[in-house]
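Keep in mind it's a predicted model, so treat the numbers as computed, not measured. Within every chain, numbering begins at 1; the chains are lettered A, B, ... in the order of the sequence lines, protein sequences first and strands thereafter.
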Protein chains: 2
Amino acid sequence: MSTALPLPPPHDHDATRARLVEAAGEVFAEHGFQAATVREICARAGANIAAVNYHFRDKMGLYDAVLLESICVAKMADLRQLAEQSQTPEIALHQIVNGMLRRMAHAAERGNWHVRIMAHEMAHPTSGLDRVVELAIGPNYSVLRGVIAQIVGLPPHHDVVRLSTHSVIAQVVHWAHARPVISRVWPDLEMTDARLDQIARHITDFSLAALRTFAQESTK
Amino acid sequence: MSTALPLPPPHDHDATRARLVEAAGEVFAEHGFQAATVREICARAGANIAAVNYHFRDKMGLYDAVLLESICVAKMADLRQLAEQSQTPEIALHQIVNGMLRRMAHAAERGNWHVRIMAHEMAHPTSGLDRVVELAIGPNYSVLRGVIAQIVGLPPHHDVVRLSTHSVIAQVVHWAHARPVISRVWPDLEMTDARLDQIARHITDFSLAALRTFAQESTK
DNA sequence: ATCAGATTAAAACAGTTGTTTGAGAGGTGT
DNA sequence: ACACCTCTCAAACAACTGTTTTAATCTGAT
């Protein structure tokens, strides 16, 4: 159960601290905050049990650190530049959908625990969710809303724009969130690169067809 | 913390058993299987701690019973008849979307813990998920896929139909699953009855616009 | 070499967990 | 009256929880 580790150089503050955050990310992603145990985290990090309370104040402090790193990762993959360097809002939409989807898809695999932790936050939000939304999700949400507002030709605060934004986000997030169910109702579905391309293409086409119809109706 | 209860008639097997399932549903929905405690469940049900191990074999047996009731509730609200008694597949789609969305929305409120438990199953699936998918989710998925196949004029096993089905489901489930985030990026949003109508109408319009475009392209 | 500070280690803490135990209370048939 | 079965209860069980304590170890500057 305990994995061999890239032998820890003794007395290196940042090293064990980083390994703790990484291991904690995995365990929190698997079991959620409450059900996760500091003993399993320390075992997986190859650290002593007291390390959690030394480097972070307590279990919650460790969880805060995990969420903070999750925010940093999300901010690195900022959608703003992805949208700005696209020539048309339609292309920007496809870029955003494709980018988000791939991040979600790879989240189920090794190391990328950020999305799975969010799944637990949805089922049972903790105090850290506010910060994640404010610093990571919120900005990306605004960018996407701006792009969609351009496509339908309505102001970003319009209900149609907001609802459509949620329609797009929902379709992307779905493939990460509902995967346990999807793999059961669609057993022979493999998440290859080609398949991800197909899904991203579909979500974009599906959404663009709807948005263009809305655009026609709004200028009528 | 412990609620007053409709005083339990002594030695009534089914009564305490039913109260245990109901209380367990709430607690499991709040904390998930692992983090939920049998002591809190029994306290909320006004039953002794040993009642869980007497009526159900153990904590997992109680959870199985909870999922089983969740399945029964879901089967009662079968989408099949909802689809069959609609005159056109377009109307059927709106009926299905509206029905699903309202069940999801009311799930966050009193008593209806079924959806929140599913949220935990998504984050950390247990052995009971297979049964839920097989008996409750799977059939409804097939019905919706049939309706969408009619609209786009393609066979149900076609990739476009499957992907579009997930697009529709995603949009509906999103409003239950991502509510903690939605309420933060859209603070002044109240889930009134009129609002639910608006959302259901939007999802239907959004999806129908896309599906009609697909239909034109498939017959071309 | 010596001291101060930072990091790790093992052991123990009190509290909580799921589960079991054994006794008792209520009803029903004889 | 008695025995029998079903159900409930309080108490206790060992195992596990997050956290604290105390001592040991290493690093780096004096």
Table please: side-chain donor-acceptor pairs of residues 32-39 of chain A below 3.5 Å, with sequence neighbours left out.
unit_1  : atom_1 : unit_2  : atom_2 : d
A:Thr37 : OG1    : A:Glu40 : N      : 3.2

### Message
Is it the case that the side chains of B:Arg195 and B:Gln198 hold a donor-acceptor pair, with the cut-off being a distance below 3.5 Å and no angle test?
### Response
yes

- Message: Does D:dC7 have its OP1 or OP2 closer than 4.0 Å to a side-chain nitrogen or oxygen of B:Thr16?
- Response: no

Here the distance between atom C1' of C:dT8 and atom CG of A:Leu20, to the nearest Å, is 12 Å

Sorted by chain and number, sequence neighbours left out, ring-ring contact (aromatic ring centres under 6.0 Å, His included) with A:His31 holds for B:His124

A correct 5'-to-3' footprint of nucleotides 13-19 of chain D, with B, S and - meaning base, sugar-phosphate only and no protein heavy atom under 4.0 Å, is ----BBB

note: B:Arg17, atom CZ; D:dT8, atom C1'; distance rounded to Å ~ 16 Å

For residues 57-69 of chain B, the side chain to side chain donor-acceptor pair (under 3.5 Å) pairs (sequence neighbours left out) are B:Tyr63-B:Glu121

Atom CG of B:Asn48 and atom C1' of C:dA25 are separated, to the nearest Å, by 13 Å

Within residues 125-132 of chain B, the residues having a heavy atom closer than 4.0 Å to DNA chain D are none

request  = Taking only the side-chain nitrogens and oxygens of A:His55, find out if one of them lies under 4.0 Å from OP1 or OP2 of C:dA6.
outcome  = no

Here the distance between atom P of C:dT19 and atom CD1 of B:Ile41, to the nearest Å, is 11 Å

Tell me which donor-acceptor pairs under 3.5 Å the side chains of residues 132-145 of chain A have, and how far apart each pair is, sequence neighbours excluded?
unit_1   : atom_1 : unit_2   : atom_2 : d
A:Asn140 : OD1    : A:Leu79  : N      : 3.4
A:Tyr141 : OH     : A:His166 : NE2    : 3.3
A:Ser142 : OG     : A:Gly138 : O      : 3.3

Audit row: B:His114, B:Ile71, side chain to side chain contact (heavy atoms under 4.5 Å, CB included) steps and yes/no
CA-CA 9 Å; B:His114 312 85; B:Ile71 290 173; over 6 Å; no

- Query: So do the side chains of B:Glu30 and B:Trp113 get within less than 4.5 Å of each other, counting heavy atoms only?
  - Reply: no

Are the side chain of B:Ser70 and the backbone of B:Val66 linked by a donor-acceptor contact shorter than 3.5 Å?
no

